[in-house]
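This is a predicted model, so every value here is computed, not measured. Per chain, numbering begins at 1; letters A, B, ... match sequence-line order.
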Number of protein chains: 4
Amino acid sequence: MQRDAVGAGMVSPRQLMASLVAEGVLTDPDSPRGRLLNAAARLFEQKGFARTTVREIAAEVGILSGSIFHHFASKEDILCSVMQEVTVYARARMASAVAGADSPRERLRACILCELEAIHGLAVPGFSILVAEWRSLSADSQRSVLRLRDEYERIWLETIGGADCPGGDPALTRRLLLGALSHSHSWFKPKGRGLSLVELADRVLLIFAPQ
Amino acid sequence: MQRDAVGAGMVSPRQLMASLVAEGVLTDPDSPRGRLLNAAARLFEQKGFARTTVREIAAEVGILSGSIFHHFASKEDILCSVMQEVTVYARARMASAVAGADSPRERLRACILCELEAIHGLAVPGFSILVAEWRSLSADSQRSVLRLRDEYERIWLETIGGADCPGGDPALTRRLLLGALSHSHSWFKPKGRGLSLVELADRVLLIFAPQ
Amino acid sequence: MQRDAVGAGMVSPRQLMASLVAEGVLTDPDSPRGRLLNAAARLFEQKGFARTTVREIAAEVGILSGSIFHHFASKEDILCSVMQEVTVYARARMASAVAGADSPRERLRACILCELEAIHGLAVPGFSILVAEWRSLSADSQRSVLRLRDEYERIWLETIGGADCPGGDPALTRRLLLGALSHSHSWFKPKGRGLSLVELADRVLLIFAPQ
Amino acid sequence: MQRDAVGAGMVSPRQLMASLVAEGVLTDPDSPRGRLLNAAARLFEQKGFARTTVREIAAEVGILSGSIFHHFASKEDILCSVMQEVTVYARARMASAVAGADSPRERLRACILCELEAIHGLAVPGFSILVAEWRSLSADSQRSVLRLRDEYERIWLETIGGADCPGGDPALTRRLLLGALSHSHSWFKPKGRGLSLVELADRVLLIFAPQ
DNA sequence: GATGAATGAGGATTCATTCAT
DNA sequence: TATGAATGAATCCTCATTCAT
């Protein structure tokens with residue numbers, strides 16, 4: 001029997017985003033700022049932060065490069081904002097996914113799938129940037145993102161602690177998992193005729209929580 | 001009882017490198033070109049390829065930026081050369097490490113430790129660049145590195161296939177391992193009072209090949 | 001009796017240029033781009049393309065070198081644009097000059113004087129660049145200029161064909177004329193107390209169309 | 001009846017050069033310096049002085065760029081030397097050609113053909129450089145070449161004065177001729193199935209000295 | 001909010017030239 | 001004489017950022 005994707009029983013990505021926008025904790029993706037963030041996320045993911053120019057980001061949403069600075073203080077501010085938005089969204093999504101899972105093992109599965117979907121842009125573009133471009137951020141910006149990320153990681157640690165993972169060190173397990181999952185961005189093609197994302201999640205689960 | 005590091009029974013890094021240099025398959029690290037490669041590897045690892053200037057690389061070995069182009073055709077050529085050298089060296093080291101291990105499980109452990117040592121620059125600086133800066137390479141350069149890397153990966157796949165890894169898909173296991181290990185570059189501090197590299201390797205082994 | 005210069009009965013250079021600018025086929029010489037083109041033409045003529053730096057061109061119009069690339073894609077693009085503008089203008093001027101001449105011989109005289117005036121910058125600066133810097137242009141750029149030049153040369157060939165030139169090969173005559181006239185750029189000084197441009201044209205006419 | 005080329009009755013190019021080398025007024029083309037001069041002349045003609053690097057010249061004769069400066073003081077010195085050699089050789093050849101012609105008209109024909117052969121590299125490569133790269137030379141170097149060229153031009157002027165050229169101004173006629181002939185370098189292909197060099201010379205003669 | 005021209009510091013790269021070996 | 005590593009100034013070009021309109 002095909003297991004359910006994370007989405008089952010959850011609010012849809014669109015609904016979730018809408019409610020976060022309503023709460024004022026996320027930028028409206030249809031606003032100029034929101035469209036810039038999306039374009040930037042896509043480009044940073046595709047070509048990397050350093051190789052993306054503000055001109056390209058601006059062109060992507062049909063404005064000129066100078067106009068970007070009405071919305072962001074600097075190029076780094078764009079990156080930081082992207083990361084913040086991604087973090088906020090991923091955290092909400094993760095909370096919702098875990099809440100909808102019954103057993104400890106299901107919860108871990110939900111976390112893995114949730115992060116995989118984020119990494120591969122199914123839910124929100126830009127998650128892989130968090131790992132790949134971390135060093136492009138100034139120390140201050142890193143702190144601001146880390147603060148937002150805290151709870152996201154807390155959920156992960158609790159979930160790993162609850163599941164029966166070998167090694168007995170949830171922090172280490174989490175780090176290995178983060179590396180393994182985020183690297184999948186460079187080789188896993190969800191469109192392919194091979195593994196689906198859900199299948200990949202199950203394989204990973206089998207390794208990090210056997211039985 | 002403290003298990004042995006990979007190095008036990010192997011030729012020393014220095015000896016290995018010397019013999020590879022003698023074979024003409026590696027650049028003499030004391031030659032101008034070799035010193036440039038080392039400096040570049042260090043800087044690329046520290047700050048990333050895009051954020052490193054040729055001026056900095058040149059300054060690191062005490063020459064002027066223009067002089068670099070006596071040894072390399074372009075900045076990208078430096079990156080490509082670094083990756084090639086790292087690959088050649090890591091391959092030789094890996095072959096030697098695996099050859100010195102008796103059981104399948106020991107061989108896997110040797111692979112993991114070997115790669116961890118490479119990632120953390122204990123053996124050769126620059127291995128983590130292979131993952132982190134892969135996209136900074138042109139398609140042609142990528143191919144040239146991949147050709148050299150082929151056997152390295154072949155050893156990995158055979159070793160994983162021989163060990164009793166869950167999942168039954170050595171290629172997938174390898175990819176997850178590569179992600180998990182290379183990401184350790186951004187959080188693991190070998191100097192720290194925490195885990196040692198050998199201990200980290202054993203933990204990873206426990207997860208990817210339980211029992 | 002002093003014969004008339006080409007200008008007689010023609011629209012003035014200023015009027016002609018103004019109408020071409022209005023048609024959108026020439027750049028407004030008062031626009032930033034136009035001023036850059038003029039400065040570049042003057043410098044290329046004076047010192048040659050290779051020995052002229054973009055800094056100098058920029059300085060000539062009071063901007064910094066980097067700002068040039070808002071208007072042109074590359075230094076070669078500047079050269080190409082100069083040649084295109086010069087060609088368009090010279091073509092219009094030539095057409096107008098020939099149209100105002102009554103006899104075949106007068107038409108040839110008009111062509112010669114028109115090209116001489118162009119070469120010596122009396123009408124438009126930069127014509128001599130067309131010959132002197134032709135090899136500095138990429139093959140693609142050469143084609144784009146040649147397309148614009150086609151009609152200019154067609155007028156020449158028809159005019160030579162109509163006049164009673166010895167040799168009976170208008171194409172050859174044109175080539176010899178072009179060489180002879182454009183070389184005058186390096187020795188003829190219109191300001192001098194010697195020959196005037198009009199006199200020079202008449203001498204050339206006497207040689208290439210005797211009687 | 002096919003008219004004779006200049007060469008008829010003259011010493012062969014090879015003999016002429018040999019005797020000039022013997023006199024010490026020309027560099028032995030088989031000496032290192034001579035081979036450098038030939039390579040440079042060919043490259044300057046092909047790509048222009050500014051676009052030719054000393055590396056290319058050196059490579060052409062199989063030495064390294066640094067070694068060039070054992071033979072020449074600077075890149076400009078190479079250009080100057082090329083022009084001097086070309087001038088000396090052309091002068092000797094011209095004298096010999098004119099001496100072998102009987103009538104004034106024949107003498108003019110010999111001059112034209114002689115210069116055409118020089119321009120198209122049949123006798124010595126590099127003559128077209130004299131016109132095309134004149135501005136690449138410093139004032140001092142220009143003077144040194146002009147001194148050598150004096151007699152060459154004197155022969156031209158006397159010959160033109162002796163022939164029955166229209167216009168009555170040998171200096172002007174010479175200048176127009178020089179422009180017309182040297183420009184042929186950019187369009188005339190001696191190999192082609194069209195005009196031969198001798199035929200071209202006869203056409204030119206017909207224009208500049210009718211009847 | 002948007003424009004687009006301009007900035008200006010900095011980037012990689014070129015290349016004639018030098019000089020110890 | 002030849003080498004080849006190094007120089008160092010200059011080159012074209014890039015790009016985040018500013019600002020008057």
Shortest non-hydrogen contact from C:I68 toward C:V54:
CD1-O, 3.5 Å

Just grab all the salt bridge (Lys or Arg N to Asp or Glu O under 4.0 Å) pairs involving residues 53-64 of chain B, residues at least two apart or on different chains.
B:R42-B:E60, B:K47-B:E56

How close or far is atom P of F:dT11 from atom CD1 of C:I57, stated in whole angstroms?
12 Å

The side chain to side chain contact (heavy atoms under 4.5 Å, CB included) partners of B:D30 (sequence neighbours excluded) come to B:D28

Answer with base, sugar-phosphate or nothing: what part of the nucleic acid does B:S31 contact at a heavy-atom distance below 4.0 Å?
nothing

Quick one: list whatever passes side chain to side chain contact (heavy atoms under 4.5 Å, CB included) with B:Y89, sequence neighbours left out.
B:P13, B:L16, B:M17, B:L20, B:L26, B:R93, B:A123, B:V124

Closest listed nucleotide, where the reference is the side chain of B:L64 and the choices are E:dT7, E:dT13, F:dT7
F:dT7

What nucleotide, of F:dC12, F:dT17, E:dT13, holds the atom closest to the side chain of C:T53?
F:dC12

Roughly how far, to the nearest 0.5 Å, is CG of D:L146 from CZ of D:R143?
9.0 Å

Please list, for nucleotides 19-21 of chain E, all pairs of protein and nucleotide N/O atoms separated by less than 3.5 Å.
none

Please pick, from E:dA12, F:dA16, F:dC12, the nucleotide with the shortest atom-to-atom distance to any side-chain atom of C:K75.
F:dC12

Provide the full list of ring pair (Phe, Tyr, Trp, His ring centres under 6.0 Å) pairs with a residue in residues 29-48 of chain A, sequence neighbours left out, each pair given once.
A:F44-A:F49

Residue pairs fulfilling side chain to side chain donor-acceptor pair (under 3.5 Å) with at least one residue in residues 62-71 of chain D, sequence neighbours excluded
none

Which pairs count as salt bridge (Lys or Arg N to Asp or Glu O under 4.0 Å) when at least one residue sits in residues 63-76 of chain D, sequence neighbours excluded?
none

In short, salt bridge (Lys or Arg N to Asp or Glu O under 4.0 Å) pairs touching residues 129-139 of chain A with sequence neighbours left out are A:E133-B:R135, A:R135-B:E133

It should be established whether C:H71 places a side-chain nitrogen or oxygen under 4.0 Å from OP1 or OP2 of nucleotide E:dA6.
yes

Residues passing the side-chain hydrogen bond (donor to acceptor under 3.5 Å, both in side chains) test with C:T27, sequence neighbours excluded, are C:R33, C:E85

May I ask you to say what C:I63 touches in the nucleic acid, namely base, sugar-phosphate or nothing, with a heavy-atom cut-off under 4.0 Å?
sugar-phosphate

Which whole-number value in Å describes the distance from B:F69 CZ to F:dG4 P?
21 Å

Residues passing the side-chain hydrogen bond (donor to acceptor under 3.5 Å, both in side chains) test with A:R35, sequence neighbours excluded, are none

Please classify the nucleic acid contact of C:S65 as base, sugar-phosphate, or nothing, using heavy-atom distances under 4.0 Å.
base

Watson-Crick and G-U pairing of DNA chain F written in dot-bracket, each distance under 3.5 angstrom, with | for inter-strand partners
.||||||||||||||||||||

The correct set of residues in residues 40-51 of chain A placing a heavy atom under 4.0 Å from DNA chain E is none

